[in-house]
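Here it is: the structure, laid out below.
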Amino acid sequence: MAIDCIKTMPSITTPHHHPKDQDQCKDDGKSFVFDAQVLRHQTNIPQQFIWPDHEKPNTNAPELQVPLVDLGDFLSGNPVAAVEASRLVGEACKKHGFFLVVNHGVDKTLIAHAHNYVDTFFKLPLSEKQKAQRKIGESCGYASSFTGRFSSKLPWKETLSFRYKAEESSSKHIEEYFHNRMGEDFAEFGTVYQDYCEAMSTLSLGIMELLGMSLGVSREHFREFFNENDSIMRLNYYPPCQKPDLTLGTGPHCDPTSLTILHQDQVGGLQVFVDNEWRSINPNFDAFVVNIGDTFMALSNGIYRSCLHRAVVNSQTPRKSLAFFLCPKNDKMVTPPHELVDTCNPRIYPDFTWPMLLEFTQKHYRADMKTLEVFTNWLHQRSLS
């Protein structure tokens with residue numbers, strides 16, 4: 001198998017308990033800090049970033065042929081185009097859960113600005129970026145790799161994550177976040193990413209219509225479920241690495257969220273595990289990469305599956321990407337529509353809310369390809385205690 005999954009279910013004693021796994025970092029006050037501007041001058045990379053031999057990257061992975069879904073006619077209300085788009089989406093989600101969308105209606109200038117501000121933020125001195133420092137157990141803020149959380153198999157990357165709430169009362173939430181964490185000079189950051197997230201939310205709701213159609217439920221079912229989504233936006237920055245054959249930009253995992261809409265720059269790095277081998281999804285600036293996450297796998301009663309994927313790095317060029325993770329509103333119960341459950345297709349996963357799964361991945365378990373399975377077992381154990 002491509003990764004070593006955590007085989008034992010963590011025993012949860014308090015809300016802040018972490019699994020007693022060899023990757024877990026001890027809170028000794030001496031956590032390693034990932035500063036690419038310092039590390040680039042070293043000949044070797046720190047041991048914490050060196051992955052086991054069987055997980056080391058294959059930089060020559062063959063290209064994965066994923067469907068290219070043209071949303072232009074669908075978004076304009078063409079019923080024939082909607083049927084064809086839903087067919088392509090359904091085929092992809094049954095096979096590996098990845099597809100590309102073009103003619104998506106998102107302004108190219110907005111996308112370009114969003115990428116430019118990724119560069120601007122991550123080129124700041126570490127002390128400036130740390131104004132938005134992510135705290136252990138939280139899902140938002142600045143993170144330099146997984147330092148402070150894990151002590152081995154660290155990813156060679158930096159991230160900045162923040163919440164997007166689709167409720168009308170939260171229309172300035174992201175602008176306020178940047179102003180409060182980074183100061184007045186970052187007002188334009190907040191405006192750009194507020195607009196970008198609103199565009200991603202709109203796009204994701206359209207994709208949810210296609211997913212509903214492809215599953216044979218009403219076109220509105222999942223759109224309405226996610227209409228007031230409480231999602232996560234993440235800026236990914238992968239600095240050049242002097243030993244890219246020893247590490248990974250993002251380790252193998254399935255997204256625990258519902259739907260991921262990713263925009264890559266022109267530097268390749270995304271790989272998906274399909275048919276027992278790693279395959280690459282080449283950059284296409286005109287397209288978004290869309291994939292199913294664990295939460296939607298539960299919503300589909302396991303008909304659609306989230307897929308293992310990772311990111312590799314290179315020694316020459318920084319890579320950046322914009323990832324919008326669609327998540328339900330916090331009080332929404334994740335349960336499949338009745339059309340997807342019958343005597344031949346019984347329930348696979350118990351009811352849960354998105355905050356329960358998010359807490360599990362942030363405080364108890366390092367996300368991998370077994371996250372939803374282990375989470376299900378954990379919920380069952382809790383119900384018995």
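As the structure is a prediction and not an experimental result, all values here were calculated from the model. All residue numbers refer to positions in the sequence shown, counting from 1.
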(message) Quick check on E184: does its CD atom have over 12 non-hydrogen neighbours (other residues, nucleotides or ligands) under 6.0 Å away?
(response) no
(message) If only side-chain N and O atoms count, and only distance matters, is there a donor-acceptor pair under 3.5 Å linking N236 with S321?
(response)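 Indeed, the side chains of S321 and N236 share at least one donor-acceptor pair under 3.5 Å.
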(message) Would you say NE2 of H41 has more than 12 non-hydrogen atoms from neighbouring residues, nucleotides or ligands within 6.0 angstrom?
(response) yes
(message) Before you tell me yes or no, could you show the steps for F296 and L211 under side chain to side chain contact (heavy atoms under 4.5 Å, CB included), namely the whole-Å CA-CA distance, both residues' side-chain angles and the distance that decides it to 0.1 Å?
(response) CA-CA 10 Å; F296 195 84; L211 289 169; 3.9 Å; yes
(message) Is the ring pair F375/F360 parallel, tilted or perpendicular, if the boundaries are 30 and 60 degrees?
(response) tilted
(message) Between W156 and F34, is the ring centroid distance below 6.0 Å?
(response) yes
(request) Might you point out which heavy atoms bring P240 and T317 nearest each other, and give the distance in Å? (result) CG-C, 3.9 Å
(message) Within the structure provided, determine whether L262 and F325 are in side-chain contact (heavy-atom separation under 4.5 Å).
(response) no
(message) Is it true that N345 and N301 share a donor-acceptor pair across their side chains at a distance under 3.5 Å?
(response)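 Side-chain D/A pair, N301 to N345: absent.
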(request) Look at the rings of F273 and W278 and say which category their plane angle falls in: under 30° parallel, 30 to 60° tilted, over 60° perpendicular. (result) tilted
(message) Is any side-chain heavy atom of T353 closer than 4.5 Å to one of M333?
(response)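 They are in side-chain contact.
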(message) If only side-chain N and O atoms count, and only distance matters, is there a donor-acceptor pair under 3.5 Å linking Q264 with R319?
(response)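 Result is yes, a qualifying pair exists.
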(message) So H263 and I111, do their side chains get closer than 4.5 Å, heavy atoms only?
(response) yes
(request) Report yes if the side chains of D368 and L308 come closer than 4.5 Å at any heavy-atom pair, otherwise no. (result) no
(message) Using a 6.0 Å cut-off, check whether atom CD of Q316 has over 12 heavy atoms from anything other than its own residue.
(response)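 For Q316, atom CD is not crowded (no more than 12 foreign heavy atoms under 6.0 Å).
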(message) For the NZ atom on K95, are there more than 12 heavy atoms of other groups (residues, nucleotides or ligands in this structure) within a distance under 6.0 Å?
(response) no
(request) Specify the closest pair of heavy atoms between G90 and S214, including all atoms of both residues, with the distance to one decimal. (result) CA-CB, 3.9 Å
(request) Would you confirm whether D230, through its side chain, and N330, through its main-chain N or O, come within 3.5 Å as a donor-acceptor pair? (result)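 Absent.
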(request) Looking only at non-hydrogen atoms, find the nearest pair between L248 and E55 and report the distance. (result) CD1-O, 3.7 Å
(request) May I ask you to check whether R134 and S139 show a side-chain donor-acceptor distance below 3.5 Å? (result) no
(message) Please confirm whether the ring centroid of F288 lies under 6.0 Å from the ring centroid of F324.
(response) no
(request) Kindly assign one of parallel, tilted or perpendicular to the pair F285 and H115, based on the angle between their ring planes and the thresholds 30° and 60°. (result)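 Rings of F285 and H115: tilted, 30 to 60°.
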(message) Check this for me: does any side-chain nitrogen of one of K108 and D286 sit under 4.0 Å from a carboxylate oxygen of the other?
(response)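 Salt bridge between K108 and D286, a charged N being under 4.0 Å from a carboxylate O: yes.
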(message) Let's go through S201 and N229 carefully: what are the C-alpha distance in whole Å and the side-chain angles of both, what is the deciding distance for side-chain hydrogen bond (donor to acceptor under 3.5 Å, both in side chains) to 0.1 Å, and is it a yes or a no?
(response) CA-CA 8 Å; S201 179; N229 60 85; 2.9 Å; yes
(message) Please give me the minimum heavy-atom distance between S280 and A61, naming the atom from each residue.
(response)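 That closest heavy-atom pairing would be OG-O, 3.4 Å.
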(request) May I ask you to check whether S145 and K157 show a side-chain donor-acceptor distance below 3.5 Å? (result)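 Distance-only check fails for S145 and K157.
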(message) If the threshold is 4.0 Å, N to carboxylate O, is there a salt bridge linking E128 and K131?
(response) yes
(request) Taking all heavy atoms of R279 and all of V274, pick out the closest pair and write down the distance. (result)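 Answer, listing the atom of R279 first, then V274: NE-O, 4.0 Å.
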(message) Hydrophobic clusters here meaning ILVMFWY residues chained together by side-chain heavy-atom distances under 4.5 Å, can you tell me if L270 and I261 are in one?
(response) no
(request) Show your working on side chain to side chain contact (heavy atoms under 4.5 Å, CB included) between T247 and V313 and close with a plain yes or no. (result) CA-CA 8 Å; T247 191; V313 293; 4.0 Å; yes
(message) Angle between ring planes, F186 versus F178, binned at 30° and 60°: parallel, tilted or perpendicular?
(response)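 Rings of F186 and F178: parallel, as their planes differ by under 30°.
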(message) Using a strict threshold of under 4.0 Å (side-chain N to carboxylate O), is an ion pair present between R223 and E220?
(response) no
(request) Would you indicate whether the side-chain heavy atoms of L110 and V192 approach each other to under 4.5 Å? (result)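 Yes, close enough: below the 4.5 Å cut-off.
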(request) Report the residue from Y238, Y237, Y142 that forms a side chain to side chain donor-acceptor pair (under 3.5 Å) with E158. (result) Y142
(request) Check the pair N291 / D255 against side chain to side chain contact (heavy atoms under 4.5 Å, CB included), numbers first and verdict last. (result) CA-CA 9 Å; N291 68 272; D255 294 335; 3.1 Å; yes
(request) Taking the side chain as every heavy atom from C-beta outward, state whether V101 and V289 have any atom pair closer than 4.5 Å. (result) no
(message) So which atom in P155 and which in F49 form the shortest heavy-atom distance, rounded to 0.1 Å?
(response) O-CE2, 3.4 Å
(message) Parallel, tilted or perpendicular: which one describes the rings of Y117 and H113, with boundaries at 30° and 60°?
(response) tilted
(message) How about CZ on R305, more than 12 heavy atoms from neighbouring residues, nucleotides or ligands closer than 6.0 Å, or not?
(response) no
(message) Are the side chains of S315 and Q242 in contact, using a 4.5 Å heavy-atom criterion?
(response) no
(message) If only side-chain N and O atoms count, and only distance matters, is there a donor-acceptor pair under 3.5 Å linking N78 with S76?
(response) no
(message) Would you say that Y349 contacts L379 through its side chain, given a criterion of any heavy-atom pair below 4.5 Å between the two side chains?
(response)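 Heavy-atom side-chain distance check fails, nothing below 4.5 Å.
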